[in-house]
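For reference, the structure is listed below as structure tokens.
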Amino acid sequence: MNVLLTGGAGYIGTHTAVELLEAGHDVVLLDDLGNSHSEAVRRVERITGRTVPLYPGDCADPAAVDRILGERAIDAVVHCAGLKAVGESIEQPLRYYRNNLDAMLALCEAMDAHGVRQLVFSSSATVYGDPATVPITEDMPLSVVNPYGATKLFAEQILMDLAASDPAWRVISLRYFNPIGAHPSGLIGEDPNGPPNNLFPYISQVAAGRRSRLRVFGADYPTPDGTGVRDYLHVVDLAQGHVAAIEHLADMPGHRAYNLGTGEGTSVLQAIRAFEAASGRPIGYEVVDRRPGDIATCYADPSAAQRDLGWKATRSVAQACADAWRWQSDNPNGFRSG
Ligand code: WQD
């Protein structure tokens, strides 16, 4: 298939591009490069030995999407573009709603106009809010916990309504748990702007000596060691989940949502130990207060994705740490390392 990948130069986008290309598909990338680097796309080309067209532009700009759909024979779209920092979304809600929802609407309008009605959307486990029980299944109640999460939930609602209005649409929302790690080549990985918000990029920078110590947000949760438990999945597994979704779209009318996770929980202290083992470096940390808005435990029941998409995460947290450490050590300044 010929796939348009929005946010294609970002962390999830680049890994998804590699896996799509290696599965024999073609990709065209659209990215505004606001939180990503064109160097990342050159690295995708190095890994795959393929030429990857990058259109610099914003998904919310109808002309940008219209141009690509006019120039390229696109079969399906994977929509990864979007603002994704939870804290920033609380400080700048209008920017988050405007950006993420405009992008979704403009993209779907342009797709409809061009008769391209197959879409895979990057959603998030944040749509489950604070789940009543774990593991989380797709039919559990959804709720809004912050503006970022609201944009994911509203976008899924838009897609559900759209698919209900016209049986030609085939849409899959992938609810990511916590993606970590990097491509095993060490050529692409996560490259956060400024201090990382998420646990693994922060740990990785402490290991590298770029930051002095990790703050562990709370050790008094009702979990085995008191620290927060999450479902961390290797970004290559996540990327392969997109390939599986793309390859099953044609037989799946309507809108469907699937969890992409491992089904296993890892605590913050376990994450620290795993990264120490992979890097051979000590990770200094101190326990501080809980981070507002955090929940104790969150992990997936990924069985629906296995049943319907034939997808299952196969890589361990240890492997993800080893790959993240290779990326970090080979590229101490991310894509600016040259
Ligand atoms: C994981 C655990 C923290 C940083 C968030 C968003 C979600 C998705 C992914 C996407 C928690 C603890 C973290 C640190 C710590 N968004 N932690 N010290 O909160 O599960 O999910 O990111 O793009 O929508 O909510 O992930 O990596 O921030 O935190 O102790 O410096 O690590 O409290 O238990 P989270 P995270």
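We count residues from 1, following the sequence as given. Ligands are counted one by one from 1 in listed order, and the atoms in each one are counted from 1 as well.
For atom 6 (C) of ligand 1, the closest non-hydrogen atom of the protein is Val86 CG2, 3.6 Å. Of all protein heavy atoms, the one closest to atom 18 (N) of ligand 1 is Arg215 O, 2.7 Å. Among all protein heavy atoms, the one lying closest to atom 29 (O) of ligand 1 is Arg291 NH2, 3.4 Å. If you check which protein heavy atom lies closest to atom 12 (C) of ligand 1, you get Val268 CG2, 3.7 Å. Here the protein heavy atom with the shortest distance to atom 10 (C) of ligand 1 is Tyr148 OH, 3.4 Å. Protein heavy atom in closest approach to atom 27 (O) of ligand 1: Leu199 N, 2.8 Å.
One finds a salt bridge joining Arg42 and Glu39 here, because a Lys/Arg side-chain nitrogen approaches an Asp/Glu carboxylate oxygen to under 4.0 Å. Salt bridge status for Arg72 with Asp26: absent, with no side-chain N to carboxylate O gap under 4.0 Å. Residues Arg170 and Asp251 are not paired through a salt bridge, judged by the lack of any N-O separation under 4.0 Å between the basic side chain and the carboxylate. Using a cut-off of 4.0 Å between Lys/Arg side-chain N and Asp/Glu carboxylate O, Glu286 and Arg213 are scored as salt-bridged.
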For residues 291-300, dump all side-chain donor-acceptor pairs below 3.5 Å to protein atoms at least two apart in sequence or in another chain.
{"from": "Arg291", "atom 1": "NE", "to": "Asp294", "atom 2": "OD1", "distance (Å)": "3.2"}
{"from": "Arg291", "atom 1": "NE", "to": "Asp294", "atom 2": "OD2", "distance (Å)": "3.1"}
{"from": "Arg291", "atom 1": "NH1", "to": "Asn197", "atom 2": "O", "distance (Å)": "3.2"}
{"from": "Arg291", "atom 1": "NH2", "to": "Asp294", "atom 2": "OD1", "distance (Å)": "3.2"}

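Using a 4.0 Å cut-off between heavy atoms, Val229 makes no contact with ligand 1 at all. Residue-level proximity to ligand 1 for Phe200 is absent, since no heavy atom of it falls below 4.0 angstrom. Using a 4.0 Å cut-off between heavy atoms, Arg290 makes no contact with ligand 1 at all. Only the side chain of Arg230 comes within 4.0 Å of ligand 1, counting heavy atoms alone; its backbone N, CA, C and O stay farther away.
Residue pairs meeting the salt bridge (charged side-chain N to carboxylate O under 4.0 Å, His left out) criterion with at least one member in residues 137-157, sequence neighbours excluded, are Glu156-Arg175.
Within a 6.0 Å sphere centred on CD of Gln270, other residues, nucleotides and ligands contribute more than 12 heavy atoms.
With hydrogens and angles left out, the side-chain atoms of Trp311 and Asp237 include no donor and acceptor closer than 3.5 Å. Remark: the Arg43 side chain and the Asn331 side chain contain an N/O donor-acceptor pair separated by less than 3.5 Å.
With Ala85, Ser124, Ala296, Ser122 as candidates, the residue nearest to atom 7 (C) of ligand 1 on a non-hydrogen basis is Ser124. With atom 9 (C) of ligand 1 as the reference point, the heavy atom nearest to it among Val216, Asn198, Thr126 is part of Asn198. With atom 26 (O) of ligand 1 as the reference point, the heavy atom nearest to it among Asp231, Thr227, Asn178, Asp294 is part of Asn178. When the heavy atoms of Tyr202, Phe217, Tyr232 are ranked by distance to atom 4 (C) of ligand 1, first place goes to Phe217.
Interface of Lys84 with ligand 1, defined as ligand atoms under 4.0 Å from a residue heavy atom, comprises 10 (C), 23 (O). If you number the atoms of ligand 1 from 1 as listed, the ones under 4.0 Å from a heavy atom of Asn197 come out as 4 (C), 28 (O).
In this structure a side-chain-to-backbone donor-acceptor pair under 3.5 Å is missing from Asn198 to Phe200.
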